Amino acid sequence: GGARYQLGEKLWLTASESLRWSGTNSAQVGLRTELGEGLSMYASERWLAGTSRTVNTLVLGGESRAIPGSRSYAEYQLDGAASAQSGRAVFGMENNWTIASGLTLQLSYERAQLVGRDSAPYAAQAGYAATTPGVTGYGSGALASEQQFAASSYAAGGVFPVGVSSRDAMSVGFEFLGIRTLKLGSRFELRYDRGAKALGTPDRMTMYLQAGGDWRVERDLVLLGRL
């Protein structure tokens, strides 16, 4: 959940909290200001706890929602355990277009690029991408038990996997809400991680597919299906 409080005509104080079944807890506090029609800038501090490490991340960014159903953003992210030489530049876009009555098409793309170089002391620890190729991130999500990227939008918060110098993520999906008692949805996601050569991390590609639906049989009875 989240909340915001208006400090001025175009200045807001924002806060959000997320607690997942896995025990991963993430929180965020920040400031957001509106610069114009659909354009805003923000600064926030994010915390992620409950994983093999607790990390706070400073985020400076801006976003545009000038086009209905679309969002584009750019951020600079710096983990509290890192130096200014190992921050990340992140940019991406999200699109939700209604293509028919009750049917929405979802397209998104994001690129995260390490600015500087990985820190060998952190990367050498067990469970990091430099030593464990299967590690994709930290937190809770769909691709692994410790993976916080619930969608291609890494900018939503989390910890970038140490040993990866850049990540490209793209996804396509749909959502159908055309029938009052039925909800259907599906998403396919493709990610490509470029490993840090100095740490010997290999490149890797990950594909992910999910689909599901809810059918409300009665007022108090709902059938759920997930794939």
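Count residues from 1 along the sequence. Quantities reported herein were computed from a predicted structural model and do not represent experimental measurements.
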Taking atom types as modelled, find out whether N95 and S70 have a side-chain donor-acceptor pair closer than 3.5 angstrom. yes
Which value, rounded to the nearest 0.5 Å, describes the distance between E175 atom CD and N96 atom CG? 8.5 Å
Check whether V222 and L182 end up in the same hydrophobic cluster, where Ile, Leu, Val, Met, Phe, Trp and Tyr are linked by side-chain heavy atoms less than 4.5 Å apart. no
Between L13 and G30, which heavy-atom pair has the shortest distance, and what is it? CD1-O, 3.4 Å
Taking atom CZ of R180 as the centre, does the number of heavy atoms from other residues, nucleotides or ligands within less than 6.0 Å exceed 12? no
As a quick check of understanding, evaluate side-chain hydrogen bond (donor to acceptor under 3.5 Å, both in side chains) for Q113 and R111, giving each step before the final call. CA-CA 6 Å; Q113 174 70 53; R111 178 174 178 81; 2.6 Å; yes
Among the clusters formed by ILVMFWY side chains lying less than 4.5 Å apart, do V172 and Y109 turn up in the same one? yes
Is there a side-chain contact between Q210 and L227 in this structure, where contact means two heavy atoms from C-beta onward sitting under 4.5 Å apart? no
Report yes if the side chains of T33 and L31 come closer than 4.5 Å at any heavy-atom pair, otherwise no. no
Could you see if L184 belongs to whatever hydrophobic cluster contains L209? Use Ile, Leu, Val, Met, Phe, Trp, Tyr and a side-chain cutoff under 4.5 Å. yes
Does a side-chain N-to-carboxylate-O contact under 4.0 Å join R46 and E75? yes
Step-by-step side-chain contact (heavy atoms from CB on, under 4.5 Å) determination, R187 to Y208: CA-CA 8 Å; R187 188 180 83 246; Y208 167 71; 3.4 Å; yes
CE (M41) and NZ (K10) are apart, to the nearest 0.5 Å, by 14.0 Å
Compare all side-chain heavy atoms of L107 with those of W97 and state whether any distance is below 4.5 angstrom. yes
Between the OG atom in S72 and the CD atom in E94, the distance rounded to the nearest 0.5 Å is 10.0 Å
What's the spacing between R204 CZ and D193 CG if we round to 0.5 Å? 4.5 Å
Keeping D203 on the side-chain end and R194 on the backbone end, is there a donor-acceptor pair under 3.5 Å? no
May I ask you to decide if R216's main-chain N or O and T181's side chain share a donor-acceptor pair within less than 3.5 Å? no
So for atom CD1, which belongs to I67, do other residues, nucleotides or ligands contribute more than 12 heavy atoms lying within a distance under 6.0 Å? no
Nearest heavy atoms of G195 and S165, plus distance in Å: O-OG, 3.6 Å
Before giving the answer on side-chain contact (heavy atoms from CB on, under 4.5 Å), spell out for V29 and W47 the whole-Å C-alpha distance, their side-chain angles and the decisive distance to 0.1 Å. CA-CA 9 Å; V29 176; W47 295 269; 4.1 Å; yes
Can you get from L224 to W215 by hopping between Ile, Leu, Val, Met, Phe, Trp and Tyr side chains that sit under 4.5 Å apart? no
For E37, is there any backbone N or O sitting under 3.5 Å from a side-chain donor or acceptor partner on E34? no
Can you measure from CZ (R167) to OH (Y192) and round to the nearest 0.5 angstrom? 12.5 Å
Polar side-chain atom of T57 near backbone of E45 as donor-acceptor pair, under 3.5 Å: no
Can you give me the closest heavy-atom contact between G173 and L105, atom names plus distance? O-CD1, 3.4 Å
What heavy-atom pair brings A66 and P68 nearest, and what distance separates the two atoms? O-CD, 3.6 Å
Value rounded to 0.5 Å, distance of CG in L7 from OH in Y5: 7.0 Å
Under 4.5 Å between side-chain heavy atoms, counting indirect links through other Ile/Leu/Val/Met/Phe/Trp/Tyr residues: same cluster for F174 and L190 or not? yes
Mind checking side-chain contact (heavy atoms from CB on, under 4.5 Å) for E63 and listing every partner two or more places apart, or none if nothing turns up? R32, S40, Y42, R65, R71, Y73
